[in-house]
Amino acid sequence: MADGRKGTYPVAETVAPVVAEYARRLPGCLTAPAAVDSIPWRRSDMDVNREVLLDLHYRMLRIRLFEEEAGKLSEAGRIPGALHLYVGEEAVAAGVMAHLTDADQLTSTHRGHGHLVAKGGDFKKMYAELFGRSTGYCKGKGGSMHIADVDLGMLGANGIVGGGPPIAIGAAFANKYRGTRNVTVCFFGDGASNEGTFHEAANMAALYRLPVVFVCENNGFGEFTPQAKHQAIRDVADRATSYGMPGLIVDGMDAVAVYESAGEAIERARRGEGPTLLEAKTYRFFDHVGVRGMGVSYRADEEVLEWRKRDPLLSFEQKLVETGVTDQGSINALRERVLFEINEAITFAQESPFPDESQLLEDVYAVSGGVR
Amino acid sequence: MADGRKGTYPVAETVAPVVAEYARRLPGCLTAPAAVDSIPWRRSDMDVNREVLLDLHYRMLRIRLFEEEAGKLSEAGRIPGALHLYVGEEAVAAGVMAHLTDADQLTSTHRGHGHLVAKGGDFKKMYAELFGRSTGYCKGKGGSMHIADVDLGMLGANGIVGGGPPIAIGAAFANKYRGTRNVTVCFFGDGASNEGTFHEAANMAALYRLPVVFVCENNGFGEFTPQAKHQAIRDVADRATSYGMPGLIVDGMDAVAVYESAGEAIERARRGEGPTLLEAKTYRFFDHVGVRGMGVSYRADEEVLEWRKRDPLLSFEQKLVETGVTDQGSINALRERVLFEINEAITFAQESPFPDESQLLEDVYAVSGGVR
Amino acid sequence: MTTAEAPAAREIPYVSAVNEAIRQLMEADPDVFIAGEDVAGYGGVFGVSRGLLGEFGERRVVDTPISESAIVGLGVGAAAAGLRPIIDIMFMDFMGVCMDEVVNQMAKMRYMFGGKARLPLTLHTMAGGGMNMAAQHSQCLEAWFCHIPGLKVVMPSGAYEAKGLMVAAVRDDNPVIVVNNKLSLGMKAHVPEELYEIPLGKANIVRPGTNFTIVATGRMVHESVRAAEMLTADGLDVEVIDPRTLQPFDTETCVESVRKTHRALVAHEAVRFGGIGAEFAAQIQEEAFDYLDAPVGRVGAPFAPVPFSPALEKHYIPTADTIAAEVRRLLGKQG
Amino acid sequence: MTTAEAPAAREIPYVSAVNEAIRQLMEADPDVFIAGEDVAGYGGVFGVSRGLLGEFGERRVVDTPISESAIVGLGVGAAAAGLRPIIDIMFMDFMGVCMDEVVNQMAKMRYMFGGKARLPLTLHTMAGGGMNMAAQHSQCLEAWFCHIPGLKVVMPSGAYEAKGLMVAAVRDDNPVIVVNNKLSLGMKAHVPEELYEIPLGKANIVRPGTNFTIVATGRMVHESVRAAEMLTADGLDVEVIDPRTLQPFDTETCVESVRKTHRALVAHEAVRFGGIGAEFAAQIQEEAFDYLDAPVGRVGAPFAPVPFSPALEKHYIPTADTIAAEVRRLLGKQG
Ligand SMILES: Cc1ncc(C[n+]2csc(CCOP(=O)(O)OP(=O)(O)O)c2C)c(N)n1
Ligand SMILES: Cc1ncc(C[n+]2csc(CCOP(=O)(O)OP(=O)(O)O)c2C)c(N)n1
Ligand SMILES: [Mg+2]
Ligand SMILES: [Mg+2]
């Protein structure tokens with residue numbers, strides 16, 4: 001349980017150890033030289049240095065590969081239940097999570113793998129959970145839609161659209177109550193922004209000036225319904241006005257842009273100045289459930305292809321190489337390395353035991369085993 | 001049941017028969033001469049003629065006297081249950097309802113008497129309902145918090161804060177579905193504007209361009225909590241932005257101002273241009289429940305007195321007299337006349353039988369009498 | 001298969017039966033419309049409303065935002081204003097986000113208004129597990145609604161029932177909650193082409209028998225029939241009753257059966273504790289007390305949320321085996 | 001009055017007992033806070049949190065907007081993050097607007113996360129009629145929550161129970177719903193000054209008896225005791241049991257009693273159909289079948305929303321008379 005005391009806060013301090021940790025595990029990845037100030041898509045005064053860029057890339061890459069492999073397994077019928085994959089939206093999770101410590105929390109959605117990966121989730125426990133094994137994050141009881149790591153502050157994917165915001169403000173309330181500088185990030189979709197729970201939570205967060213950031217992942221669809229058919233506004237960020245909080249819009253396909261805006265919002269929250277609504281315009285490359293994202297009835301392939309041109313991972317890699325932050329060889333090596341880790345994790349998951357019938361009634365209550 | 005076919009629409013047509021009807025019953029009230037154009041607080045091009053002014057006054061007066069008498073009965077322990085009285089807010093109901101026909105609908109709140117009186121509710125059936133008698137609007141089954149007259153389009157007071165908006169959009173949907181030009185007005189409080197149901201309904205109304213007007217009666221309090229302690233915004237009308245609908249603010253102590261703004265919003269709805277959020281700044285003179293509105297812990301007497309200076313009924317009467325629309329004598333006569341009607345209604349109510357035990361299981365279902 | 005009627009059998013799947021019912025109801029009555037998340041463009045995530053948009057257009061087949069309270073409210077207001085809405089709440093688990101609208105507005109409006117409102121509204125939803133969708137997409141929560149005066153609740157067991165009960169629900173002038181089961185959607189049965197109605201509140205004796213009564217709901221009707229077949233080996237001749245409507249419950253048919261068989265069990269997929277089986281069992285023991293040779297048993301899910309892992313879920317949802325085992329256990333208890 | 005313990009009696013009203021429990025719990029544990037509508041400045045519309053703001057300040061006594069889903073979510077998130085919230089939902093009828101938060105989040109989080117979340121959260125609410133507050137301010141909906149794995153539900157019958165169960169609820173590491181009754185708030189009883197705990201899941205034999213068992217919840221405990229007194233005239237020696245906790249239910253104590261008395265009835269204020277009494281009755285007939293001389297009866301509200309008019313409401317809510325009449329009816333049914 002994140003107890004609100006172990007976090008460190010300024011961006012640089014937050015990010016540095018994460019990257020150092022990656023670096024330790026992945027020495028090859030951090031060798032290419034690049035002058036921080038030469039990075040052409042740096043936008044603000046925020047400290048977007050080389051380590052941050054590599055960190056963002058690493059997080060995105062891990063999500064992408066995790067999701068692609070999960071998708072394959074699901075299509076092959078080897079993972080039970082439904083998967084809502086995050087491919088296409090990686091920049092949002094990466095850009096936000098790069099600012100968070102383990103003591104910071106987040107609430108997620110049905111599309112939650114990316115958030116957990118970006119927060120530092122363990123591939124083994126993640127795949128094991130998707131496979132319904134007892135070694136999974138939730139001992140196989142939650143699955144994709146409830147994957148969680150409370151120790152990492154990841155307060156759960158959620159099967160209920162709009163389920164996250166009320167919980168997020170509760171965690172934020174606890175942070176404030178204890179006088180920590182921890183922040184809670186609440187991810188939700190454009191579709192979820194129409195649930196009453198979002199409205200109630202946003203109002204309460206602003207009223208109490210809670211240290212929470214509402215990140216709307218606007219991927220243009222709620223299931224199969226395009227945004228224009230579920231709300232009469234174009235920018236979910238406009239809703240910030242309703243609560244007296246700032247609303248920001250950011251290009252959700254650009255990890256640096258997300259990193260910068262999220263950084264502002266998160267710092268504002270840490271300073272005790274209250275919540276922000278940050279809307280990231282993004283797109284899901286895959287289907288609502290599963291993999292197939294093209295040749296579907298509810299959107300044109302051209303639209304998908306248009307968005308795919310701005311692939312948050314691939315375009316980022318291209319820039320990294322172009323600007324000399326790293327080189328293609330390092331990226332390839334890193335990709336191999338992550339894939340290796342993923343394959344290990346999948347093997348681990350598949351070799352793990354299923355939960356035993358005796359576990360069925362466990363974990364219902366904290367003390368007793370439940371009644372019949 | 002308002003079947004969506006019997007309404008007439010333009011303002012003048014709407015109001016004229018109402019006033020004519022009042023005039024028929026109250027000849028004394030319509031004799032004082034006044035040139036329409038000489039009315040000094042006329043604000044827009046809307047046809048706020050003498051008849052409209054008298055209509056607004058009459059509606060407010062009826063509400064005020066109904067509520068004052070109900071309050072006395074309640075304080076005397078002669079009416080069971082809790083009453084949420086509308087005194088101080090009369091201008092809102094009057095200004096809105098003057099635009100509505102019997103085929104137009106409204107959803108109300110726990111503070112619903114004023115809305116029903118203004119819509120043309122029958123005093124006898126209203127008091128009988130408050131007294132829990134079988135002759136009441138709801139045969140004594142609903143009471144103050146559920147008083148309704150579906151034939152008049154009054155779809156019920158509501159014991160659930162935020163209960164009205166979803167129902168209102170349903171009625172509006174039916175109006176649109178049938179191609180009528182009927183409008184539904186949804187009354188709700190500043191406190192209710194924090195319920196998720198309001199958010200969901202407003203979004204849906206804007207999306208479908210439903211003929212509905214959301215009228216926020218912002219009386220500065222949700223129960224005993226001042227607005228500043230329940231939301232971080234000052235103007236509920238700002239929330240219109242969230243849905244892509246216009247938001248208007250109006251002085252809720254001024255019936256003409258409400259009449260004009262509501263007229264715009266209602267006409268817009270009738271034209272098929274969708275919903276409007278109209279915020280009326282008002283104040284409840286009495287307590288949240290019952291009568292005592294001063295000497296309470298949660299607000300200063302000075303505040304109450306300040307608002308009372310702008311009493312929507314008394315200040316309106318003063319203007320009516322000053323501008324020669326009517327004279328004090330006529331007002332006094334009208335007041336006597338309404339009080340007479342009220343006393344008759346109270347007598348009727350008190351002499352009416354209580355529902356019999358046999359009625360307990362009736363009206364649960366449309367056909368069968370319910371199961372045990 | 002669960003119905004007596006089955007002549008020149010046109011067999012169609014459950015999902016098509018529901019779809020056909022809605023289509024024919026909409027053809028028959030211009031006041032009927034359907035609204036819900038992805039019911040129009042996509043035809044419903046379970047295919048229940050497939051093809052309706054093409055036939056009836058956006059005016060009558062309405063995609064909604066993800067706003068369940070407003071969706072149900074849309075139905076309540078429209079019904080109060082004289083239309084006959086079919087409201088779709090995708091998963092029964094989501095009833096929590098619109099519970100007030102269902103139980104405090106939809107259920108009570110008529111009574112609170114002294115009988116002066118009429119709410120011909122059908123709320124269609126999908127319940128049940130077996131698809132590894134975990135705790136928030138697998139529940140059976142019908143007991144909540146059966147407890148609320150003003151609501152009716154039906155739970156079709158097969159394609160024939162699905163169509164006939166849907167028709168009865170939509171034609172009823174009261175709010176009716178139609179609880180379909182995901183795993184049943186593909187099950188085929190004879191379904192007449194015409195618009196027919198299965199009367200609400202009438203149970204169906206699916207399998208007549210003489211010395212044990214199983215009252216089972218929804219998909220458990222089939223598991224119970226299978227259990228009954230298994231139990232013939234034990235020399236038991238089990239009667240299986242499908243109440244079809246849970247609220248109002250057809251006490252008579254069930255009690256009459258028990259008076260004949262002297263033993264009974266109620267089976268449902270919902271959690272056993274506080275499930276509707278408790279009510280049925282309580283009624284049966286009360287009305288048939290003198291005829292009972294054993295306590296009225298109950299089969300339901302154990303007291304845990306629905307687990308994700310197939311390895312756990314398979315132990316969670318009752319099956320023919322669970323039911324047969326419980327029958328045998330009860331016989332052991334026989335007084 | 002309903003408790004065995006009552007020495008140097010300090011008698012205080014029910015509402016003060018709840019208030020005292022909260023105050024002492026907050027004094028004892030800095031992680032306990034209370035949030036709800038008008039709980040701070042106003043002290044709660046029922047006076048439950050009176051004086052707390054003055055003692056603990058705005059940080060720990062929190063007035064909320066009228067946003068029940070967010071209020072419960074505030075509790076869920078704060079509990080998951082290690083605090084020990086007391087969340088107030090003013091009327092139980094309002095649970096509908098936050099039902100998802102309660103049953104899909106609060107109740108299931110621990111299980112869904114494989115036991116890795118702890119939710120020490122108390123949800124306090126007020127139920128019951130008798131105040132002419134009509135259909136949306138008078139309900140008893142405890143059956144909904146007892147049906148949901150992950151929740152515990154307590155229903156104090158008097159001031160002594162109100163304090164002791166509140167303490168147990170707040171100290172429990174699970175979500176507990178505390179259902180108090182409006183009409184009981186003024187009822188006095190001996191209440192120890194210190195922080196004491198009534199263990200969850202243990203029933204209390206309020207009035208021992210030998211030949212009839214009444215299991216009654218909340219305010220109906222007192223009505224049942226009165227009924228028991230009336231029934232002495234019929235030569236009956238009625239045992240009255242207060243389960244105190246409805247989930248988990250203390251089956252043993254109740255069944256043991258029935259094995260002794262051979263007759264039983266369950267009484268609650270909630271609607272009879274689908275009420276928690278159905279579960280209790282079903283369990284009792286199952287576990288004590290061979291001992292029963294009559295069916296297990298049930299007393300509850302009839303199948304209608306709560307009516308406003310005092311003339312109707314008085315026939316709606318069960319009383320000692322209703323209960324005594326049902327006991328007599330059951331004896332007539334004796335096999
Ligand atoms: C309360 C609720 N309603 C409906 C659903 C079904 N559902 C699951 S995901 C989804 C779409 C969510 O859209 P959005 O919030 O934009 O997230 P995205 O899937 O686009 O990431 C819907 C309607 C649900 N899970 N919960
Ligand atoms: C869902 C719900 N929550 C809480 C209440 C209790 N309650 C009744 S009136 C009220 C205040 C409403 O404030 P507002 O909407 O501003 O209306 P006003 O009373 O000021 O007219 C509250 C909290 C309720 N009836 N329903
Ligand atoms: Mg989306
Ligand atoms: Mg207010």
Side-chain angles (χ1 to χ4, degrees), chain A residues 160-166 169 172 188-210 212 214 216 218 222 225-247 249 268-269 272-277 279, chain B residues 160-166 169 172 188-210 212 214 216 218 222 225-247 249 268-269 272-277 279:
Chain A
I160 300 296
V161 170
I169 62 162
F188 65 106
D190 51 310
S193 78
N194 298 327
E195 284 282 8
T197 50
F198 160 70
H199 175 73
E200 296 188 5
N203 182 64
M204 212 182 268
L207 179 68
Y208 299 151
R209 291 183 150 240
L210 295 179
V212 58
F214 295 97
C216 181
N218 183 350
T225 300
Q227 190 193 357
K229 291 216 150 194
H230 72 62
Q231 49 193 207
I233 55 170
R234 218 192 46 189
D235 299 322
V236 175
D238 285 352
R239 296 196 162 169
T241 314
S242 280
Y243 314 109
M245 66 170 83
I249 299 174
R268 192 172 169 270
E273 292 167 20
T276 302
L277 173 54
E279 176 184 11
Chain B
I160 301 295
V161 170
I169 61 163
F188 65 107
D190 51 312
S193 77
N194 299 327
E195 285 282 8
T197 49
F198 160 69
H199 176 74
E200 296 187 5
N203 181 66
M204 211 181 271
L207 180 68
Y208 299 150
R209 293 185 149 237
L210 296 179
V212 58
F214 294 98
C216 180
N218 183 351
T225 300
Q227 190 193 357
K229 292 217 148 195
H230 73 62
Q231 50 193 208
I233 55 170
R234 220 191 44 188
D235 298 322
V236 175
D238 284 353
R239 298 197 159 166
T241 315
S242 279
Y243 314 108
M245 64 171 84
I249 299 175
R268 192 171 168 272
E273 291 167 21
T276 301
L277 173 54
E279 176 185 10

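Excluded from the calculations below are hydrogen atoms, water molecules and symmetry mates; all remaining heavy atoms, backbone and side chain alike, are included. Lettering follows sequence order; numbering is per chain, from 1.
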For B:F198, is it the side chain, the backbone, both, or neither that has a heavy atom closer than 4.5 Å to a heavy atom of chain A? side chain
Heavy-atom pair of closest approach, residues B:I233 and A:T241: CG2-O, 3.6 Å
Can you tell which of A:M204, A:K229, A:M245 has the highest number of heavy-atom pairs within less than 4.5 Å of chain B? A:K229
With a 4.5 angstrom heavy-atom cut-off, which part of A:A240 approaches chain B: side chain, backbone, both or neither? neither
Pick one of side chain, backbone, both or neither for B:A237, based on which atoms fall under 4.5 Å of a heavy atom in chain A. neither
I'd like to know if the side chain of B:H199 reaches the main chain of A:S193, judged simply by a donor and an acceptor atom lying under 3.5 Å from each other, with no hydrogens or angles considered. yes
What salt bridge (Lys or Arg N to Asp or Glu O under 4.0 Å) pairs are there with at least one residue in residues 230-241 of chain A, not counting sequence neighbours? A:D235-A:K281
Got a donor-acceptor contact below 3.5 angstrom from the B:N203 side chain to the A:H230 backbone? yes
A:S242 vs B:S242, test: side-chain hydrogen bond (donor to acceptor under 3.5 Å, both in side chains). Steps then yes/no. CA-CA 7 Å; A:S242 280; B:S242 279; 2.6 Å; yes
